[in-house]
Amino acid sequence: MSAPMEVDEPMETEVSESKWLVEKARGCIKSDAYTAKSLLITARTLFPQDLSIQFEAYCIEKAARNVKPSAALLLEMFKHFHEEAILWQELQLVTHALQSEYQDTSAEFLQELFESLPAEAQFDILLRCADHATDTFEKCKLKLLMIKKFPDAIMEHGVVLVESLLEAEKAGDKLGAVNHFRKLLVCEVLPIICATANMQLSAKQYSKWLQRAMEFYMVYLSQPNRRSETSPVSPTGPPDVLTQGSGMGVQDKDGMLANPWKNLHQLLILISERCDWVTKCIPSHERSFRDQWQHISGSHDKNEDFHSSTLRKPTFYATVLLFLRAVFKYACGIDPNQFASMSNATTSQQPAMVLLDDLESKKKSKRHKHKKRKYEAGELRDPGDSDGSDDSPQFPPATVCLNKSLGITQELVDSFQTAVDCWQFLTSHELFEKDLTWLLHRWKAEKWQWLTAFQIDKFIYRGEFGQCLRLLQDEHKSLAQIQPAEENPVMLKTLVQMTAAYFRLGQYSSACEMTLNAMWILPESTSEGGSQKRPPSPERQPHSSKHLRQLQLVPCTTSMVMPFFVQLLLLSYKKKTFHHGDTNDSALGHMLVLMQYDWPKEENLFFEVIKRIKKEGEFAYTIFFNYVVCADMLEEFAFLKTEEGGKIKLDLTATPQSSQRQRTITRGVSKGGKEDFKAAMERQMTRCGENVDQLLRKFLTTERDSLLQLLM
């Protein structure tokens with residue numbers, strides 16, 4: 001038993017002696033630092049292969065904040081002990097300090113330590129740390145740090161880094177376009193690589209990178225605000241873009257990426273330069289939307305060799321970028337609270353805007369003429385825009401009215417007009433349309449509710465109501481499956497625009513049905529007497545023709561939407577009664593009730609109804625006294641009973657519930673009948689101060705069946 005102990009004794013003695021020297025040095029460090037250092041120098045000389053001695057010496061120098069001695073010791077350990085776990089832990093602290101945005105004294109010291117190392121050593125440390133890292137994201141961040149500090153390494157490691165990030169994203173479990181891999185790629189890696197000349201990469205490769213960058217920024221900016229757990233908007237990104245952790249989201253110090261549109265524009269310029277594309281066709285990011293559009297359009301018109309990829313590609317991507325930026329600006333303007341990137345305490349109180357059509361503008365000639373000159377005439381339709389009927393009506397061009405009191409500024413209108421122009425431009429060229437269709441499909445843009453909302457408004461603007469209705473029907477079906485209509489603010493907007501589309505297509509019964517459906521989810525009026533405040537009058541666009549359809553953007557609220565519903569119903573009954581020659585007392589009576597809204601706006605139509613009643617010589621509307629409370633109307637009907645008024649035969653009361661015999665008021669009645677009519681009118685006059693908004697709401701819900709039946 002004694003022989004083995006004699007063999008092991010020298011090793012045990014050596015370990016115990018080195019450990020004793022380390023412990024002795026630790027004990028002296030506070031009272032006598034020089035003695036501690038001397039002991040460790042002795043220990044390092046005696047035991048050069050003992051990492052604990054080397055590391056203890058490093059820790060002492062580090063604690064004393066001696067940069068150069070610490071750096072020398074770290075470098076020596078890196079050369080001789082690069083397989084040891086304790087060394088990698090220390091190197092990890094150094095690399096984290098290099099990447100940290102939040103500086104403390106410890107991080108600052110480690111940064112100084114690293115910078116004092118020779119450049120070759122810095123490169124080797126970063127490269128080996130990256131190779132040693134087990135976490136893919138950490139490995140990529142270290143490679144990024146390496147190419148930032150050593151641009152000469154971009155040629156060898158840059159493309160590999162991009163491929164690593166793309167593969168990591170692909171391997172992720174259902175990661176959307178917004179994730180920490182894509183953010184690192186788009187915001188930090190691509191700008192460095194694309195700014196490097198002589199990379200020997202194809203234009204196709206650069207184009208793919210640009211497409212991924214555009215998708216990232218677009219999905220990031222348009223991430224839906226979590227207004228409810230059952231948000232009708234279907235995000236393509238992670239559940240919460242502003243939440244960091246587990247790779248599910250990205251976040252900066254202030255929670256937002258800075259200057260996303262500017263960064264994307266700069267990336268387009270860099271890639272165009274690498275691909276030898278014509279950059280002069282790309283407008284300046286700082287110019288207005290209309291100026292940028294004019295630049296692209298003018299550049300296209302001046303260049304004959306448009307089929308050349310060096311001109312076609314930058315024009316395409318510049319137009320797509322402008323289109324997305326303009327649509328996003330418009331979407332923020334009409335409903336800023338729909339996006340997490342834009343929502344705040346102020347916008348959360350703002351209702352969404354809805355684009356309302358000018359229902360009274362006249363239809364133009366049929367569409368089937370002059371098809372060959374559609375683009376030249378500025379009436380080009382998107383592929384698939386046709387309603388499927390050659391004789392579907394075509395409507396006059398439109399303009400969106402300004403209304404500064406509602407926030408409808410020239411800038412907002414310009415953003416919408418620019419988006420429409422860009423879309424028309426992109427879909428008017430076969431190659432552009434093919435590329436755009438592929439891009440939107442790859443990005444799963446059909447899930448971008450804000451883009452669908454723009455397409456609906458675009459169809460309204462261009463008078464393409466068949467295509468508009470198809471989109472709205474799909475939207476309505478989708479929304480109905482998500483949550484109850486009364487809890488979904490998007491549903492009301494959808495119903496409002498469906499009413500206009502049905503009306504424009506001559507489907508008045510369906511338009512009426514959508515209106516009445518909307519009444520069930522329309523918020524109650526908050527006014528206590530009379531009617532709600534009417535919407536402010538819009539401002540006509542400067543230099544706009546009186547022949548243009550005047551579209552309005554208004555908040556999707558009761559006070560703004562009710563006038564539209566009333567106008568639509570009035571026009572529907574007017575067309576049926578006056579234009580189609582189908583005189584019906586109930587239809588005329590319903591018109592009377594509706595005309596009370598915003599009286600005397602429809603005074604001329606009221607006298608047309610009176611004229612029709614006089615022509616017929618009689619009028620029966622047994623719910624007259626339930627809903628007609630306008631003093632002017634009551635006086636006019638009282639006058640109709642007189643000799644001067646024509647002694648019209650009127651039946652305005654329903655059959656009583658009591659056993660008393662009904663008295664029909666006619667021209668040859670007894671004095672008792674006249675007195676009853678007079679008393680009824682006097683009683684009705686006492687109701688003239690009633691809230692018309694609430695009265696109409698009751699009318700539209702209670703008389704739903706009758707309202708619909710008359711338009712069948």
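Note that these values count all heavy atoms, side chains included, but never hydrogens, waters or copies made by symmetry.
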Seminar exercise, completed: When every non-hydrogen atom of L356 is compared with those of M560, the smallest separation belongs to CD1-O, 4.4 Å
Problem set entry | Side chains of C422 and W293 in contact at under 4.5 Å (non-hydrogen atoms) | yes
Problem set entry | Check: T319 side chain, T315 main-chain N or O, donor-acceptor pair, under 3.5 Å | yes
For this session: Say whether Q473 and R470, considering side chains only, have a donor N or O and an acceptor N or O under 3.5 Å apart.
Result: no
Exercise. Quick one: does Q292's side chain have a donor or acceptor within less than 3.5 Å of a partner on R287's backbone?
Worked result: yes
For this session: Take K141 and E138, measure what salt bridge (Lys or Arg N to Asp or Glu O under 4.0 Å) needs, and give me the verdict at the end.
Result: CA-CA 5 Å; K141 287 201 299 180; E138 184 64 26; 3.8 Å; yes
Seminar exercise, completed: Looking only at heavy atoms, the pair that brings H295 and K280 closest together is NE2-O, 2.7 Å
Problem set entry | Distance-only donor-acceptor check, side chains R549 and T399, under 3.5 Å | no
Exercise. Would you say the side chain of Q552 lies within less than 4.5 Å of the side chain of L355, judging by non-hydrogen atoms?
Worked result: no
Problem set entry | Side-chain touch M491/H476, heavy atoms, less than 4.5 angstrom | yes
For this session: Scan side-chain atoms only and decide if E513 and N517 contain a donor-acceptor pair under the 3.5 Å cut-off.
Result: no
For this session: Return yes if some donor-acceptor pair links the side-chain N/O of Q338 with the main-chain N/O of A331 below 3.5 Å, else return no.
Result: yes
Seminar exercise, completed: Between S272 and T279 the two heavy atoms that sit nearest each other are CB-CG2, 3.6 Å
Exercise. When you look at NZ of K329, are more than 12 heavy atoms from neighbouring residues, nucleotides or ligands closer to it than 6.0 Å?
Worked result: no
For this session: Please name the pair of heavy atoms, one in C281 and one in I296, separated by the smallest distance, quoted to 0.1 Å.
Result: O-CG1, 4.1 Å
For this session: Measure the OH-CD distance between Y330 and E411 for me, rounded to the nearest 0.5 Å.
Result: 14.5 Å
Exercise. How long is the gap from CG on L161 to CD1 on I154, to the nearest 0.5 Å?
Worked result: 10.0 Å
Exercise. If you measure from CD on E475 to OG1 on T494, what distance do you get to the nearest 0.5 Å?
Worked result: 5.0 Å
Exercise. Can you tell me how far CG of L492 sits from CD of Q497, rounded to the nearest 0.5 angstrom?
Worked result: 10.5 Å
For this session: Can you measure from CD1 (I147) to CE (M155) and round to the nearest 0.5 angstrom?
Result: 12.5 Å
For this session: Measure the shortest side-chain to side-chain distance between L221 and P260 over non-hydrogen atoms and say whether it is less than 4.5 angstrom.
Result: yes
Seminar exercise, completed: On a heavy-atom basis, the closest approach of P314 and V278 is CG-O, 3.5 Å
Exercise. Out of F454, F425, F432, which residue meets the ring pair (Phe, Tyr, Trp, His ring centres under 6.0 Å) rule with F323?
Worked result: F454
Exercise. Is it true that Y508 and F503 have ring centroids separated by less than 6.0 Å?
Worked result: yes
Problem set entry | Any donor-acceptor pair under 3.5 Å from N263 side chain to N259 backbone | yes
Exercise. Is the F416 to Y461 ring centre distance short of 6.0 Å?
Worked result: yes
Problem set entry | Test log, rule side-chain contact (heavy atoms from CB on, under 4.5 Å), inputs E446 and K444 | CA-CA 5 Å; E446 68 277 3; K444 299 179 182 178; 3.9 Å; yes
Problem set entry | Residue pair Q507 / F465, side-chain heavy-atom distance below 4.5 Å | no
Problem set entry | Check: I334 and D457 side chains under 4.5 Å, non-hydrogen atoms | yes
Exercise. So do the side chains of I521 and L495 get within less than 4.5 Å of each other, counting heavy atoms only?
Worked result: yes
Exercise. Can you check whether G176's main-chain N or O pairs, donor with acceptor, with N179's side chain at less than 3.5 Å?
Worked result: yes
Exercise. Is a donor on one side and an acceptor on the other found under 3.5 Å between the side chain of K139 and the backbone of A130?
Worked result: yes
For this session: Check the surroundings of atom CG in D135: do more than 12 heavy atoms from other residues, nucleotides or ligands lie under 6.0 Å from it?
Result: yes
Problem set entry | Validation row: L322, Y317 side chains within 4.5 angstrom (heavy atoms) | no
Exercise. Do Q455 and Q467 get their side chains close enough for a donor-acceptor pair, meaning under 3.5 Å?
Worked result: no
For this session: Please confirm whether H429 and F316 have ring centers closer than 6.0 angstrom.
Result: no
Exercise. If you measure only the distance, is there a donor-acceptor pair under 3.5 Å linking the side chains of D421 and T418?
Worked result: no
Exercise. Where do C187 and Y217 come nearest, in terms of heavy atoms and distance?
Worked result: SG-OH, 3.7 Å
Problem set entry | Near-ring test F328/F339, centroid separation under 6.0 angstrom | yes
Exercise. Is D335 salt-bridged to K493, going by a charged N under 4.0 Å from an acidic O?
Worked result: no
For this session: Could you verify whether a donor N or O on one side chain and an acceptor N or O on the other, from W450 and S222, lie under 3.5 Å apart?
Result: yes
Problem set entry | Test log, rule salt bridge (Lys or Arg N to Asp or Glu O under 4.0 Å), inputs K183 and E188 | CA-CA 8 Å; K183 183 206 171 187; E188 299 192 62; 5.5 Å; no
For this session: To the nearest 0.5 angstrom, please state how far the CD1 atom of I271 sits from the CG atom of L267.
Result: 4.0 Å
For this session: Give a yes or no answer on whether the side chain of R325 reaches the backbone of W261 with a donor-acceptor pair at less than 3.5 Å.
Result: no
For this session: Describe, in one word, how the ring planes of H265 and H285 are oriented to each other, choosing from parallel (under 30°), tilted (30 to 60°) and perpendicular (over 60°).
Result: tilted
